Engineer: 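Submitted below is the structure of interest, expressed as structure tokens.
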Amino acid sequence: MKLIHISDLHIGKRVNEFSLLEDQRYILGQILAIIEREKANGVLVAGDIYDKPVPPAEAVQVFDAFLTRLAELKVLVFVVSGNHDSAERMAFGSRLMCGRGVYLSPVYDGKVAGIPLQDAYGEVVVYLLPFVKPAMVRHVFADETAESYQDAVRIAVEHIRTDPAKRNVLVAHQFVTGALRCESEEILVGGLDNVEVSVFDRFDYVALGHIHSPQHVGRETVRYCGTPLKYSFSEAGQKKSVTVVELKAKGRTTVRTVPLQPLRDMRRIRGTYLELTALSFYQDTNTEDYIQAVLTDEEDVSDGLKKLRVIYPNLMKLEYDNRRTKDSREISGACEVEQKSEMELFEEFYELQNNQPFSEGQREFVKRLIQEIQER
């Protein structure tokens with residue numbers, strides 16, 4: 001049984017006000033090509049299909065086209081809702097869609113039924129556990145104590161009836177203790193959403209969503225596949241991929257990854273303004289990528305973001321790394337204000353703010369500006 005594991009599509013997401021819908025449509029097309037090439041039996045989609053509980057119409061159309069193509073290929077699809085999704089909206093039409101081989105997790109009601117699949121080694125059973133919170137579990141199992149996410153997931157999993165003789169696969173969307181996070185994920189203070197990996201011991205493979213970096217937790221077969229695209233600059237150095245899971249006889253599960261190539265990469269560039277605008281620099285790079293530029297000039301470049309976007313149209317962020325940003329000093333009220341001129345006060349403020357004195361050109365500019373204001 002060969003399954004493709006993907007998660008955290010976040011369709012409709014915007015990063016620094018840039019829409020990634022075109023990039024998401026492109027990468028889903030690439031994933032479809034991998035599914036065809038691998039001759040996969042099914043696709044596990046481990047939550048956060050959309051970026052918002054009420055996604056824009058364009059995002060729904062993108063996912064609809066993805067599911068339709070999988071149905072045409074006769075590839076089974078198993079989808080759970082994540083913390084960014086509306087479980088009720090995701091479950092709409094689920095009983096109709098299972099007739100086309102698309103299985104959507106229902107709103108959590110304490111019952112997680114297994115979906116049986118057959119291959120040469122016997123039966124593989126897939127279980128769909130949507131994102132659960134302690135309150136959801138307390139509502140269903142009033143006699144159970146579900147004070148934490150650990151309690152909630154443990155109780156939910158304990159109520160899943162599995163046959164230990166069969167190969168059991170769980171699709172879930174939770175944070176497992178020990179997984180490495182990125183900036184683009186929602187984080188609960190103090191790690192309150194932590195779940196111990198031992199909760200999933202009964203399953204031959206656990207397809208997890210929620211963490212954006214590809215990784216396994218505890219054992220190789222408890223895995224986050226990561227996002228198909230980079231959603232923050234903390235992920236700039238990552239290689240995105242889909243996970244291919246092959247279940248043979250009971251106890252024989254292999255996991256490998258297939259790399260993805262985005263329409264536009266997300267990366268950082270660094271240097272002075274002159275260096276980043278030099279022909280030799282930007283000719284050697286893809287200027288269409290999503291860029292975070294770090295300028296090392298000691299003085300801010302006027303309209304730097306606007307100017308750099310002439311060369312890098314998808315420049316998302318502009319930051320400075322210089323003496324001012326490295327040594328932020330507290331700005332306190334100046335003493336003996338009455339005894340200082342406007343120029344002295346302004347120059348003192350500038351030096352406190354920027355950790356360097358005025359240049360002669362700046363001093364002349366401020367002097368003229370103060371005179372103009374006084375004359376008015």
Side-chain angles (χ1 to χ4, degrees), residues 1-7 40-47 75-82 94 98 101 103-132 134 136-137 140-141 143-146 148-179 194-211 215-225 243-256:
M1 185 69 61
K2 184 183 287 187
L3 303 172
I4 303 292
H5 173 194
I6 61 175
S7 77
N41 303 105
V43 179
L44 312 174
V45 189
V75 176
L76 300 175
V77 190
F78 306 92
V79 183
V80 301
S81 54
S94 57
C98 66
Y103 298 90
L104 305 172
S105 63
V107 176
Y108 184 70
D109 60 1
K111 300 173 185 176
V112 181
I115 303 158
L117 312 176
Q118 197 74 31
D119 68 4
Y121 297 97
E123 204 166 68
V124 174
V125 187
V126 179
Y127 297 88
L128 304 181
L129 179 65
F131 178 71
V132 293
M136 297 176 183
V137 175
V140 176
F141 300 109
D143 296 334
E144 301 272 11
T145 303
S148 65
Y149 278 79
Q150 167 71 18
D151 294 336
V153 177
R154 176 184 53 77
I155 293 166
V157 169
E158 284 176 353
H159 283 83
I160 299 175
R161 296 181 178 178
T162 58
D163 183 345
K166 296 177 180 178
R167 292 161 294 163
N168 299 296
V169 174
L170 179 69
V171 186
H173 190 91
Q174 304 290 160
F175 174 56
V176 179
T177 306
N194 284 11
V195 177
E196 294 296 328
V197 69
S198 59
V199 168
F200 306 114
D201 282 349
R202 283 190 288 141
F203 296 91
D204 296 85
Y205 184 77
V206 183
L208 291 169
H210 192 40
I211 300 300
Q215 59 192 284
H216 68 271
V217 188
R219 55 186 165 98
E220 185 68 25
T221 51
V222 179
R223 185 169 180 83
Y224 289 102
C225 60
T243 299
V244 181
V245 187
E246 293 188 64
L247 296 107
K248 298 178 182 178
K250 178 75 175 179
R252 291 178 56 204
T253 302
T254 61
V255 179
R256 59 187 170 87

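These numbers were taken from a predicted model, which means no experiment stands behind them. Residues: numbered from 1 along the sequence shown.
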Engineer: To the closest 0.5 Å, what do you measure between NE2 (His159) and CD (Glu144)?
Structural biologist: 5.0 Å
Engineer: Would you give the length of the straight line joining atom CE of Met136 to atom CD1 of Ile155, rounded to the nearest 0.5 angstrom?
Structural biologist: 14.0 Å
Engineer: Taking it one step at a time, do Phe78 and Leu104 satisfy side chain to side chain contact (heavy atoms under 4.5 Å, CB included)?
Structural biologist: CA-CA 6 Å; Phe78 306 92; Leu104 305 172; over 6 Å; no
Engineer: Taking Gln150 for its side chain and Arg154 for its backbone only, find out whether a donor-acceptor pair lies under 3.5 Å.
Structural biologist: no
Engineer: Any donor and acceptor pair, going by atom type alone, linking the side chain of His5 with main-chain N or O of Leu208 inside 3.5 Å?
Structural biologist: yes
Engineer: For the atom pair CG (Leu117) and CG (Leu247), what is the distance rounded to the nearest 0.5 Å?
Structural biologist: 10.0 Å
Engineer: Where do Val153 and Val195 come nearest, in terms of heavy atoms and distance?
Structural biologist: CG2-CG2, 3.7 Å
Engineer: Provide the closest heavy-atom pair for Asp151 versus Ala146 in the form atom of the first, atom of the second, distance.
Structural biologist: CB-CA, 3.6 Å
Engineer: Can you tell me how far the OG1 atom of Thr243 sits from the CD atom of Gln215, to the nearest 0.5 Å?
Structural biologist: 11.0 Å
Engineer: Does Arg219 CZ have over 12 foreign heavy atoms under 6.0 Å away?
Structural biologist: yes
Engineer: Start with the C-alpha gap between Asn194 and Tyr149, add the side-chain angles, then the distance that decides, and say whether side chain to side chain contact (heavy atoms under 4.5 Å, CB included) holds.
Structural biologist: CA-CA 6 Å; Asn194 284 11; Tyr149 278 79; over 6 Å; no
Engineer: Measure across Leu44 and Ala207 and return the closest heavy-atom pair with its distance rounded to 0.1 Å.
Structural biologist: CD1-CB, 3.7 Å
Engineer: Indicate the ring-plane relationship of Phe131 and His173, choosing parallel, tilted or perpendicular according to the 30° and 60° boundaries.
Structural biologist: perpendicular
Engineer: Ring centroid separation for His210 and Tyr224, is it under 6.0 angstrom?
Structural biologist: no
Engineer: Please name the pair of heavy atoms, one in Lys248 and one in Arg167, separated by the smallest distance, quoted to 0.1 Å.
Structural biologist: O-NH1, 2.7 Å
Engineer: Is there side-chain contact between Val169 and Phe203, with heavy atoms separated by less than 4.5 Å?
Structural biologist: no
Engineer: Should Glu246 and Arg252 be marked as a salt bridge (Lys or Arg N to Asp or Glu O under 4.0 Å) after you check the CA-CA gap, both sets of side-chain angles, and the distance that decides it?
Structural biologist: CA-CA 8 Å; Glu246 293 188 64; Arg252 291 178 56 204; over 6 Å; no
Engineer: Going through the distances and angles, do Val43 and Val75 end up as a side chain to side chain contact (heavy atoms under 4.5 Å, CB included)?
Structural biologist: CA-CA 7 Å; Val43 179; Val75 176; 3.8 Å; yes
Engineer: Supply the atom-to-atom distance Leu76 CG to Ile4 CD1, rounded to the nearest 0.5 angstrom.
Structural biologist: 13.0 Å
Engineer: Let me know which of Val255, Thr253, Thr254 forms a side-chain contact (heavy atoms from CB on, under 4.5 Å) with Glu220.
Structural biologist: Val255
Engineer: Between the main-chain N or O of Tyr121 and the side-chain N or O of Lys250, is there a donor-acceptor pair closer than 3.5 Å?
Structural biologist: no
Engineer: Do Tyr127 and Asn168 have side chains that approach each other closer than 4.5 Å (heavy atoms only, starting at C-beta)?
Structural biologist: yes
Engineer: Of Val125, Leu128, Val124, which meets side-chain contact (heavy atoms from CB on, under 4.5 Å) against Ile115?
Structural biologist: Leu128
Engineer: Are the side chains of Val126 and Tyr103 in touch, meaning some heavy atoms are under 4.5 Å apart?
Structural biologist: no
Engineer: Where the side chain of Asn41 meets the backbone of Leu3, is there a donor-acceptor pair that is under 3.5 Å apart?
Structural biologist: no
Engineer: Less than 4.5 Å apart, any side-chain heavy atom of Leu129 and any of Leu170?
Structural biologist: yes
Engineer: Between Val199 and Val157, what is the shortest heavy-atom contact and its length?
Structural biologist: O-CG1, 3.5 Å
Engineer: Using modelled atom types only, decide if a donor and an acceptor are shared between the side chain of Ser7 and the backbone of Val45 within a distance under 3.5 Å.
Structural biologist: no
Engineer: Please report the C-alpha distance between Lys2 and Val245 in whole Å, then the side-chain angles of each, then the deciding distance to 0.1 Å, and finally whether the side chain to side chain contact (heavy atoms under 4.5 Å, CB included) criterion is met.
Structural biologist: CA-CA 6 Å; Lys2 184 183 287 187; Val245 187; over 6 Å; no
Engineer: For the residue pair Val176 and Val217, what are the closest heavy atoms and their distance?
Structural biologist: CG1-CG1, 3.6 Å
